[in-house]
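Notes follow the structure.
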2 protein chains.
Amino acid sequence: MTRQGDAGLRDSGDLRLRRAVIESADALYYAHGFRAVGMDALRQHAGVSLKLIYRLFPSKESIVLAVLDYRHQIWAGEVTAAVERAESPRERLLAIYDYLAGWFRAENFRGCVFINAFGELATESPAVAAKAAEHKRDFRNYMDQLAIDAGFSAELGDQLMLLAEGAQVTAAITGDVSMAMKARRAAEMLLSFEETRPTASSAGGVGAPGSHGG
Amino acid sequence: MTRQGDAGLRDSGDLRLRRAVIESADALYYAHGFRAVGMDALRQHAGVSLKLIYRLFPSKESIVLAVLDYRHQIWAGEVTAAVERAESPRERLLAIYDYLAGWFRAENFRGCVFINAFGELATESPAVAAKAAEHKRDFRNYMDQLAIDAGFSAELGDQLMLLAEGAQVTAAITGDVSMAMKARRAAEMLLSFEETRPTASSAGGVGAPGSHGG
DNA sequence: CAGTCCGGAGAACGTTCGTTCTCCACTCCT
DNA sequence: AGGAGTGGAGAACGAACGTTCTCCGGACTG
């Protein structure tokens with residue numbers, strides 16, 4: 001389903017080259033935008049000839065889709081790692097905002113690549129639009145599950161997701177890094193609120209609610 | 001400060017033509033993206049010759065900036081109108097989400113034009129990036145003031161803004177219209193939370209807090 | 001009515017881009 | 001050693017775009 005553009009590969013060396021192209025493309029596309037980076041710039045940055053790039057990928061669009069897959073895996077890996085490091089169910093729900101805070105401070109931070117790709121390419125590439133939607137739905141489901149696992153409602157997961165998305169957009173456009181912590185404080189309030197008034201769908205969770213809501 | 005690209009106008013007829021071009025450009029750019037719509041498509045849709053367009057605007061970028069100004073005014077007008085219609089200070093803070101819910105349902109909804117413009121053009125046009133940042137900062141300041149006027153903290157205004165931004169992005173990308181109401185319910189919780197625990201910066205509010213948090 | 005200006009239609013120009021093709025040096029297998 | 005295949009460098013090609021220019025008809029002024 002999510003496999004794209006891997007027609008014509010021949011051996012494992014091609015896989016290594018593919019990865020090199022994708023990593024170069026990822027860096028360039030994220031820094032300058034998808035359309036601003038031509039195939040020639042990609043060739044130069046990746047150190048791979050145009051002919052070879054076109055043996056590995058049938059078109060630029062397939063490279064873009066591969067980069068989005070790559071970014072999704074990186075995002076999912078880093079987010080889950082940050083969540084795993086958290087020690088309480090409550091902190092697991094809040095870990096995303098600390099992760100965002102660190103990301104926003106990266107010198108090359110330029111927002112969520114899926115949001116940018118959607119704005120840049122969605123009208124001309126339904127496949128890119130679908131990938132962005134898939135990514136956002138995946139993140140939403142992840143937050144929902146996290147909320148449920150912590151004894152909250154799935155709706156609370158949606159709300160935490162909205163705060164994270166808003167922080168990403170606002171930080172990217174205005175450059176205001178503090179949005180991650182503002183979102184975190186809002187999330188803390190939502191957690192405290194639901195802890196004191198459990199909803200129907202958040203019955204028997206993992207941690208006993210209402211024990212630390214200062 | 002916000003005036004852009006109005007060099008070379010000659011009479012009030014030019015102003016009417018300018019408006020016609022901007023409205024056409026707005027519709028086309030929003031529907032298909034800025035780069036996907038060429039000057040020829042704009043000429044055809046606006047019914048104005050290329051020569052005249054280039055007498056009214058020095059470049060395509062100046063048209064884009066004019067469209068962003070135009071959209072900002074429409075947004076600000078509609079949002080303030082929705083807020084004015086609300087009857088309580090609390091409802092004034094929540095009016096934005098009802099406005100978003102109606103907007104999301106529009107058949108041509110494709111997300112926030114400033115977010116899309118940022119993703120599409122920010123790396124190549126600092127002026128566009130600045131306009132997007134200006135728009136988002138303006139919205140943030142508006143929500144902050146609304147919160148303060150209702151007796152809440154400015155930080156709560158920031159949080160409501162983040163929810164609204166997250167709803168816009170998520171609704172645009174996933175097509176899930178319910179995000180407006182999810183954001184609204186989150187906002188209601190944040191309001192109730194701060195009503196029961198007033199912060200230092202939200203002292204003497206308008207409405208008596210704690211009267212309707214069922 | 002003659003001349004001047006204005007504007008419409010669209011060709012033209014220069015650039016950029018994605019994609020393909022050419023040329024050639026190099027390698028590997030028999 | 002010789003020949004088929006591989007891949008690098010970059011030219012070539014066709015399309016699209018922003019911008020400018022040409023041609024021409026029509027309107028207004030003396």
Side-chain angles (χ1 to χ4, degrees), chain A residues 4-22 24-26 28-29 31-68 117 120-121 123-128, chain B residues 4-5 7-22 24-25 28-29 31-68 117 120-121 123-128:
Chain A
Q4 306 265 3
D6 50 354
L9 293 197
R10 298 195 297 220
D11 54 23
S12 67
D14 279 11
L15 284 176
R16 231 181 308 119
L17 283 172
R18 243 182 98 87
R19 172 131 188 139
V21 170
I22 289 173
S24 278
D26 174 61
L28 290 174
Y29 290 164
H32 304 109
F34 295 94
R35 312 174 78 134
V37 176
M39 296 301 289
D40 211 59
L42 176 56
R43 173 190 62 76
Q44 188 171 352
H45 189 270
V48 176
S49 73
L50 264 185
K51 188 190 277 188
L52 187 44
I53 292 179
Y54 274 98
R55 207 191 66 204
L56 299 170
F57 301 91
S59 66
K60 180 177 178 180
E61 186 188 25
S62 75
I63 301 178
V64 171
L65 293 171
V67 165
L68 293 182
E120 194 172 350
L121 304 172
T123 56
E124 296 187 63
S125 169
V128 168
Chain B
Q4 305 266 2
L9 294 198
R10 298 197 297 218
D11 54 24
S12 66
D14 279 11
L15 284 176
R16 232 178 308 120
L17 283 172
R18 243 181 98 87
R19 172 128 188 145
V21 170
I22 290 174
S24 278
L28 290 174
Y29 290 163
H32 306 107
F34 294 95
R35 313 174 77 134
V37 176
M39 297 300 289
D40 210 58
L42 177 57
R43 173 190 60 77
Q44 187 170 351
H45 189 270
V48 176
S49 74
L50 265 185
K51 188 190 278 188
L52 187 44
I53 292 179
Y54 274 98
R55 207 191 66 204
L56 298 170
F57 301 91
S59 66
K60 181 178 177 178
E61 186 188 26
S62 75
I63 300 177
V64 170
L65 294 171
V67 165
L68 292 181
E120 194 171 352
L121 304 171
T123 56
E124 297 187 68
S125 170
V128 167

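Keep in mind the model is a prediction, meaning the values are calculated, not measured. The basis for the numbers below is simple: all heavy atoms, side chains too, and nothing from hydrogens, waters or symmetry mates. Within every chain, numbering begins at 1; the chains are lettered A, B, ... in the order of the sequence lines, protein sequences first and strands thereafter.
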**Item:** Whole-Å distance separating the CZ atom of B:R16 from the C1' atom of C:dG7
**Value:** 16 Å

**Prompt:** To the nearest Å, how far apart are A:R55 CZ and D:dG8 C1'?
**Reply:** 13 Å

**Rounded interatomic separation in angstrom, taking CG from B:D40 and P from C:dG8** = 14 Å

**Prompt:** Hey, are the side chains of B:F57 and B:I22 touching, using non-hydrogen atoms and a 4.5 Å cut-off?
**Reply:** yes

**Request:** Applying side chain to side chain contact (heavy atoms under 4.5 Å, CB included), name anything that partners A:A117, two or more places apart in sequence or on another chain.
**Result:** A:F34, A:L68, A:V128

**Prompt:** Could you state the NE2-P distance from A:H32 to C:dC17, rounded to the nearest angstrom?
**Reply:** 13 Å

**Item:** Exercise: identify the closest heavy-atom pair between B:R18 and B:A66
**Value:** NH2-CB, 4.3 Å

**Asked** Looking only at heavy atoms, which two atoms of A:V67 and A:A25 are closest? And how far apart?
**Response** CG2-CB, 3.6 Å

**Asked** Out of D:dT19, D:dG7, C:dG18, which has the shortest distance to the side chain of A:M39?
**Response** C:dG18

**Message:** Return the CG to CD distance between A:L121 and A:E61, rounded to the nearest 0.5 Å.
**Reply:** 8.5 Å

**Which atom of A:M39 lies closest to which atom of A:I63, heavy atoms considered** = CE-CD1, 3.9 Å

**Message:** Can you pull out the residues from residues 42-54 of chain A that lie within a 4.0 Å heavy-atom distance of DNA chain C?
**Reply:** A:L50, A:K51, A:Y54

**Request:** For residues 39-49 of chain A, pull every pair meeting salt bridge (charged side-chain N to carboxylate O under 4.0 Å, His left out), keeping only residues two or more places apart or in separate chains.
**Result:** A:D40-A:R43

**Request:** Could you list the residues that satisfy side chain to side chain donor-acceptor pair (under 3.5 Å) with B:Q44, not counting sequence neighbours?
**Result:** none

**Message:** Quick check: closest heavy atoms across B:E124 and A:A36, and the distance to 0.1 Å?
**Reply:** OE2-CB, 3.4 Å

**Prompt:** B:H45: what forms a side chain to side chain donor-acceptor pair (under 3.5 Å) with it, not counting sequence neighbours?
**Reply:** B:S24

Hey, what are the protein-to-nucleotides 13-15 of chain C N/O distances that come in under 3.5 Å?
none

**Complete:** Shortest non-hydrogen pair, B:L42 vs B:L28, comes out as CA-CD1, 3.8 Å

**Request:** Check the distance between C:dG18's C1' and A:F57's CZ and give it to me in whole angstrom.
**Result:** 15 Å

**Request:** Return the angle between end axes of the helix from C:dC1-D:dG30 to C:dT30-D:dA1, with five pairs used per end and rounding to 10°.
**Result:** 20°

**Prompt:** Reckon A:R35 has a side-chain N or O less than 4.0 Å from the OP1 or OP2 of C:dC17?
**Reply:** no

